[in-house]
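To start, the structure itself, in structure tokens.
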Amino acid sequence: MKILAIGGAGYIGSHVTRELLDRGHKVTVFDNLSSGLRENLFHEAAFVHGDIMDYTQLVRAMKEGYDALILLAACKAAGESMINPEKYSLRNINGTVNILNAACETGIKNFVFSSSAAVYGEPEYLPIDEKHPTKPENYYGFTKREIELFLEWYGKLKGIHFASLRYFNAAGYDVKGRIKGKELNPANLIPIIMEAAAGIRKEVQVFGKDYPTPDGTCIRDYIHVSDLAIAHAAALDYISGKGKSLIVNLGSETGSSVLEVIECARKVTGKPIPVKITERRPGDPAKLTAGAAYALETLGWKAQYSSLETLIGTSWEIYKN
Ligand code: WQD
């Protein structure tokens, strides 16, 4: 298929683009490089240096004709979204509505949308399945849920088919080492641990050790970005082949605590990785793990690269130099 990967130069976007190219799809990357990296671009994919806030640019790009869009461009820092909701309204909501409207104007009907487990908020039960209530606790998660609702309406009114992929905690790097771009000023745990291991930062601050978990630190479901990329390709086949939409969780179904991740990183890297226990970060649930049975049932998808050793080993290959 001919695919426009919007945000395809980003951390997840570049892994998705790589997977689609490996499967023989024809991919064009549309990215403003605000957080995406030029080094993440592949020579086999065309590149449009564009911004989702520019409707005319989007229409001009889409007029090339595409079988599907991958919607990856968004701001994703939950903490920042609570301080600067305006930025998240503009980019995550207005930006994505621009994409939807430009797609309607140019007749593109298939969308794979990068959503997040943040749409669920505080878990009422675990593991979280797709029937779990969606009560986002941060503005970032709210924007992701809102776009899912837009997609549902555009599905009813404009006949689009979409897959909304609710990522749990994305981590790791391409097992073949083909993607090397490092996120600038990461907010997520594993890249922060990698920076401490590489001496880029002094220590890892552990946000609270008094949670109701075995070692007192928060538990998360870390999912390898290559597993996510495979799910995007499978979702594309599903919506274009079956002409149906779906909303699905993408997680490894295993939980790892902050200290377990740090301990694994010490073993894999051989580095001390100093730690400082600090206050809790507001809004962090004690435990979040995915139920991914629906992804297996609909997409035939199951995580295969998401062991802590692989997540950290592939990350260290990038950070150790
Ligand atoms: C993981 C755990 C922290 C950094 C967020 C978004 C979510 C998704 C993934 C995009 C938590 C702890 C972290 C540090 C720490 N984003 N931590 N010290 O918060 O689970 O999810 O990123 O899709 O939508 O909400 O991920 O990596 O920030 O934190 O102790 O320096 O590590 O408290 O328990 P999170 P995270």
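As the structure lists them, so they are numbered: ligands from 1, and atoms in each ligand from 1.
Remark: S307 engages T310 in a side-chain hydrogen bond (donor to acceptor under 3.5 Å, both in side chains) (not counting sequence neighbours).
In this structure, ligand 1 sits under 4.0 Å from heavy atoms belonging to K76, A78, S116, A118, Y140, N169, A187, N188, L189, I192, Q205, V206, F207, C218, R220, Y222, V258, R281, D284.
H49 and F47 have parallel rings, their planes meeting at less than 30° on a 0 to 90° scale where 60° marks the start of perpendicular.
Screening residues 265-300 for ring-ring contact (aromatic ring centres under 6.0 Å, His included), with sequence neighbours left out, gives no hits. Counting only residues at least two apart or on different chains, the ring-ring contact (aromatic ring centres under 6.0 Å, His included) pairs with a member in residues 62-121 are Y120-H132.
Residue K156 places its NZ atom among more than 12 non-hydrogen atoms of other residues, nucleotides or ligands, all under 6.0 Å distant.
Between T143 and N92, the side chains place a donor N or O and an acceptor N or O closer than 3.5 Å (distance only, hydrogens not considered).
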